[in-house]
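Report on the following structure.
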Amino acid sequence: METIAASHCPRCGLVVAPPAAYCPHHPVSMAPITLPGVGEVVSFTTLHTPPAGFRSPLHIAIVELEGGGRFVCHGAEVQGLKIGATVAIEAVDNVYYFSHLGAMERARLFWRRAGHAGDRVNAIARSLAKRVWKSRAVNTDA
Amino acid sequence: MQLVFVAGVGMTRIGRRSEPLPELMAEASRLALAEAGIDTPEAIVVATMNPEEFLGDGNFASNVATHMGFADVPALRIETATSSGAAAFYAGFAQVTAGLRRTVLVVGGEKMTHLTTPRVSEIIGRSIDPYERTYGATMPALAGLVTRALMTRHGVGAREIAQVAVKNHANATRNPLAHFQQAVTLDEVLSSRMVADPLRLMHCCPISDGAAAVVLSARPSPVRVAGVGQGTDTLAVRHRRELTSFAATRTAAREAYAMAGIGPERVDVAEIHDAFAPFELISLEDLGLVPPGKAGRATLDGDTALDGRLPVNPSGGLKARGHPLAATGLAQIAECVWQLTGRARDRQVADVHCALAHSIGGLATNNWVTILARA
C-alpha cells in the first residue's frame, strides 16, 4: 500500500499532509510521520473547465486519511462515489489519485485494522454493520 | 474610545466598466466625500486585492491618492483577499476610534473584466493554499467541495441553494447600480451549466468592475459604527475539521456582536458574502441569524426576501449586485448605510435600526463582520 508523508503537532495533535514545518495553529515544529494511503472521502467535486495544465473533467477530492489528516487528491472517476466511502490513494508520477476499493482490499484493510487477536471480535461486532452498509452502497452505485 | 460615524458613502455602477481603476475609485470617493461635506480627508485607506496582476500596477495607495488630487494625504493599502474592502474599513475605523485621525476616506475597487475568465479565475485563485492549487483547486472547486458536503451531510436541497440566487437577482432588479438587472427563475438556476459539481454557473457571482467608498468621521452623523470583528482560519481548506461552517465567520461575528453589545436578534437587515449561493446559507447560520440547519428552509419560505422577517442582500448581494473583489466589503457597508438612512429607494426595508455586513476573504480564511446602527 502507498504511504503518505505527513506531520504531527506535538501540542494539539493535528496531522497535516503533506508535512509542514510548523503547525497551522501553534508556533511549534511538527514531527514527521507516515500514514497509509487509505481513507474516507470527506467531499469531492468535478471541474468542467479546470485551470490551465489540467484536463477536463478534473475530479478533486478531500480524503480523511486513516491516522488523521486530510489530503487533497485527484481521481480517475467519481461514478458511484459517495461521501464517506473508503478509498485507496496511490501516487502516479508524484501526483496522488484516489480509487474505489474492491471487496478484497476492503477485507484486507479490515483485518489489518482490527489489530491484535483480543480486539478482533469486538472490532468485528463494531464495524460489521457499517462495512456491509458501505460495501452495498458502493456496489449498487458502481 | 472615540465613537466613529459614517459621514458619507459612494459607489460606482458595478459591471463592465471602461474607466481605469483609479478613476472608478475616484468616482466613488468623490460621491462619499461630497455626502460627508469634506473637501480633503485627513487620511486614506485603499483596498485592492491584486492590481499587480489584474492591471500590472503596484504602489496602489499612492497611485489612487495622486489620481484624486490627494498626493499630500497619508494613504496606505490593505489586503485580505476578497474581504479587503471590509479590512480597509476596519483600518480606517481603528484610526478614528484611536483618535489618530478625525476623518478617513476608505475606498476599495477592482477591475478585471478586461481579462479572460480563466485568467481572472487564476488570479483570484492565488489566495488558495499553494499545495491545493497544484491539484487544480480554484475558488469554484473549493466551493464545490463545500457544497457537496453541505448537501450530503446536512441535507440542504438544490432548490434551497438555488433560491438564494433567485432572491438576490430579484433584489438587484431594484438596484440601479447592480451588475445584473434581470430576475432569474429557480429552473434557470437549476438547469444552468455545471461548474464544479454540484455547483452551477448561476450559483456563482459574476466578474465585475467597480468601486465603493466610505468616509469615517469622529463628528456625529446619523449612522454609527457599532462593532467590527475579524475572524481567521487556515489557508488550506484540508486542514479544517468542518467544511460546511466557517470558523472565521463565527469568530468575526462573536467579536462584532461583543463590541456592539448586541446579539443577532437585533439585526434588521444583512448584507452577506454570497460569492457562491450556498455560502449565504452557511453564513446565515454562522452569524447566528438563523438557527442551525434552518437557513435553507428560511430562504425557501421567503424569510430572507425583501419583505421577509430578515431581509438578506437587499442590494442583490455578490451574486447580482456583482463582486468587484476589494470594492465588495465597502459596497455592502454602503447598502447598510442607505438602508439605515431610508435612502434605499425601491428596495428600502422598513424600520432599519441595525444592519450587518459580512465579508469572506479567500475561502473563508480572513472574514469580517461589521455592524452599523442608527446613531
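Everything numeric in this text was worked out from a predicted model, so none of it was measured. Per chain, numbering begins at 1; letters A, B, ... match sequence-line order.
- Pairing each heavy atom of A:Ile60 with each of B:Ala137, the nearest pair is CD1-N, 4.1 Å.
- No more than 12 heavy atoms of other residues, nucleotides or ligands sit less than 6.0 Å from atom CZ of B:Arg159.
- Side-chain atoms of B:Arg241 and A:Arg70, non-hydrogen and from C-beta on, do get closer than 4.5 Å to each other.
- The two residues A:Ser43 and B:Leu243 come nearest to each other via the heavy atoms CB-CD1, 3.8 Å.
- Remark: A:Phe44 CZ to B:Thr152 OG1 distance equals 7.0 Å, nearest 0.5 Å.
- Interface remark: A:Leu47 contributes backbone and side-chain atoms alike to the contact with chain B (heavy atom separation under 4.5 Å).
- Surrounding OH of B:Tyr90 are at most 12 heavy atoms belonging to other residues, nucleotides or ligands under 6.0 Å away.
- Within the 4.5 angstrom heavy-atom criterion, no atom of A:Ala20 approaches chain B.
- Here A:Val95 is the residue among A:Val95, A:Leu14, A:Val78 with the most heavy-atom pairs under 4.5 Å with chain B.
- Between A:Phe54 and B:Tyr135, the closest side-chain pair of non-hydrogen atoms is not below 4.5 Å.
- Going from atom OG1 of A:Thr46 over to atom CZ of B:Arg148 covers 6.5 Å, rounded to the nearest 0.5 Å.
- Atom CG of A:Asn94 sits about 11.0 Å away from atom OG1 of B:Thr134, to the nearest 0.5 Å.
- The environment of CZ in B:Arg16 is sparse: at most 12 heavy-atom neighbours from other residues, nucleotides or ligands sit within 6.0 Å.
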Donor-acceptor pairs under 3.5 Å, side chain of residues 291-299 of chain B to any protein atom, not counting sequence neighbours: which ones?
| from | atom 1 | to | atom 2 | distance (Å) |
| --- | --- | --- | --- | --- |
| B:Arg297 | NE | B:Asp301 | OD1 | 3.3 |
| B:Arg297 | NH2 | B:Asp301 | OD1 | 2.9 |
| B:Thr299 | OG1 | B:Ala295 | O | 2.7 |

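- No side-chain heavy atom of A:Val63 sits less than 4.5 Å from a side-chain heavy atom of B:Arg238.
- Distance check: A:Cys23 SG to B:His239 NE2 gives 9.0 Å after rounding to the nearest 0.5 Å.
- For a residue to count as touching a neighbouring chain, one of its non-hydrogen atoms must lie under 4.5 Å from one of that chain's; by this rule A:His59 does not touch chain B.
- Taking chain A as the reference chain and counting heavy-atom pairs below 4.5 Å, the highest number among B:Gly125, B:Ala149, B:Ala236, B:Pro198 is found for B:Ala149.
- By the 4.5 Å heavy-atom criterion applied to side chains, A:Thr45 and B:Leu199 are not counted as neighbours.
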